[in-house]
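Here is how names work: the chains are called A, B, and so on, in the same order as the sequence lines, proteins then strands, and each is numbered from 1.
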Amino acid sequence: MNKSQLIKTLAERLSISIEEATVIVSTFFDSIKEALKAGKRVEIRGFGSFKIKEYQGYTGRNPSSGELVEVKPKKLPFFRVGKGLKEYINQ
Amino acid sequence: MSEKTLTKADIVEEIYEKTSRNRSEVKNQVEEMLAIIKQAIKEDYSLLISGFGKFEAYDKKARKGRNPQTEDAITLPSRTVCVFRLSRKFRAEINPQQ
């Protein structure tokens with residue numbers, strides 16, 4: 001499923017317009033993005049939580065050429081699956 | 001909104017400000033969306049949100065493990081796990097200097 005199919009399914013199940021369903025889905029993911037960009041943690045009960053992990057830079061090597069490469073520090077969001085989702089997909 | 005953690009209630013509040021519904025209606029709408037998201041991950045094994053990332057599920061086979069404390073051999077059952085893969089666009093937004 002992709003985002004537009006999610007919007008369409010939500011609109012059908014709730015008997016609301018595509019426009020209204022778009023506001024719900026887009027605001028949901030945009031709020032999560034904005035919070036993570038601001039360095040906040042995100043917790044959606046029953047689904048999972050997101051937090052930013054900071055990775056330090058290091059000197060690596062290109063595995064095929066052996067060339068040294070500088071890997072810069074980076075921030076990556078990490079998703080931890082919630083108990084509810086974990087149990088649901090294993091039912 | 002709390003200082004450090006964004007919760008479902010905060011998201012409901014943000015949607016509430018953009019619509020003509022009351023808070024409990026918005027809460028139910030968000031719960032329905034989460035139900036569809038979970039169903040998609042379980043049944044399609046994939047949910048792609050462009051500009052955000054992809055939730056994927058995959059099956060793991062049962063394997064033999066060991067209880068690290070007692071050293072007893074145990075069989076870990078097969079299970080389905082869910083992972084999140086970050087969109088390149090979102091990654092670039094979080095790391096603007098690169």
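Closest approach of B:C82 to A:L85, counting heavy atoms only: SG-CD2, 4.1 Å. Closest heavy-atom contact between B:K8 and A:I44: CE-CG2, 4.0 Å.
B:T5 has its side chain out of reach of A:V42: every pair of non-hydrogen atoms, C-beta onward, lies at least 4.5 Å apart. B:E32 has its side chain within reach of A:L10: a pair of non-hydrogen atoms, C-beta onward, lies under 4.5 Å apart. Contact check for B:F84 versus A:F78: no side-chain heavy atoms found under the 4.5 Å cut-off. Side-chain contact between A:I16 and B:Q29: present, with at least one pair of heavy atoms (C-beta onward) separated by less than 4.5 Å.
For the pair A:K33 and B:F52, the cation-pi criterion (under 6.0 Å, within 45° of the ring axis) is not fulfilled.
Heavy-atom distances place the side chain of B:L34, and not its backbone, under 4.5 Å from chain A. At a 4.5 Å heavy-atom cutoff, the contact between B:L86 and chain A is made by side-chain atoms alone. There is no contact between B:V26 and chain A, counting heavy-atom distances below 4.5 Å. Residue B:T19 touches chain A through its side chain alone, counting heavy-atom pairs closer than 4.5 Å. Using a 4.5 Å cut-off between heavy atoms, A:I24 touches chain B through backbone and side chain atoms alike. Neither the backbone nor the side chain of B:Y45 comes within less than 4.5 Å of any heavy atom of chain A. Using a 4.5 Å cut-off between heavy atoms, A:N2 contacts chain B through both its backbone and its side chain.
Side chain of B:N95 to backbone of A:K75: a donor-acceptor contact under 3.5 angstrom is found.
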Exercise. Decide yes or no on side chain to side chain donor-acceptor pair (under 3.5 Å) for A:T27 and B:K18, but give the supporting numbers first.
Key: CA-CA 9 Å; A:T27 307; B:K18 294 182 186 176; 3.2 Å; yes

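Note on B:I37, B:V83, B:D59: by heavy-atom pairs under 4.5 Å with chain A, the leading option is B:I37. When B:I94, B:L47, B:I36 are compared by the number of non-hydrogen pairs under 4.5 Å with chain A, B:I36 comes out ahead. When the candidates A:K3, A:K37, A:R13 are compared by the number of heavy-atom contacts under 4.5 Å with chain B, A:R13 comes out ahead. Between chain A and the residues B:N28, B:I49, B:D44, B:V81, the largest count of heavy-atom pairs under 4.5 Å involves B:I49.
Follow the hydrophobic side-chain contacts under 4.5 Å out from A:V23 and you never reach A:F29; the two are in separate clusters. Hydrophobic cluster membership is shared by A:I52 and A:Y55, with clusters built from Ile, Leu, Val, Met, Phe, Trp and Tyr side chains linked at under 4.5 angstrom. Cluster membership check: A:L76 does not share its hydrophobic cluster with A:V71, using side-chain heavy-atom separations under 4.5 Å among Ile, Leu, Val, Met, Phe, Trp and Tyr.
Around CD of A:E67, the count of heavy atoms belonging to other residues, nucleotides or ligands within 6.0 Å does not exceed 12. The 12-atom threshold is not exceeded at CD of A:Q56, counting heavy atoms of other residues, nucleotides or ligands nearer than 6.0 Å.
How far NZ of B:K38 is from NZ of A:K86: 13.0 Å, rounded to the nearest 0.5 Å. Interatomic distance, OG1 of B:T80 versus CD1 of A:I89, reported as 6.0 Å (0.5 Å rounding). Taking CG of B:L6 as the reference point, atom NZ of A:K40 lies at 6.0 Å (rounded to 0.5 Å). To the nearest 0.5 Å, atom CD of residue A:Q91 and atom NZ of residue B:K42 are 5.0 Å apart. The NZ atom of B:K54 sits 14.0 Å away from atom CE of A:M1, with the distance rounded to the nearest 0.5 Å. Separating the CG atom in A:L36 from the CD atom in B:E93 is a distance of 11.5 Å, to the nearest 0.5 Å.
Aromatic ring centres of B:F55 and A:F47 lie closer together than 6.0 Å.
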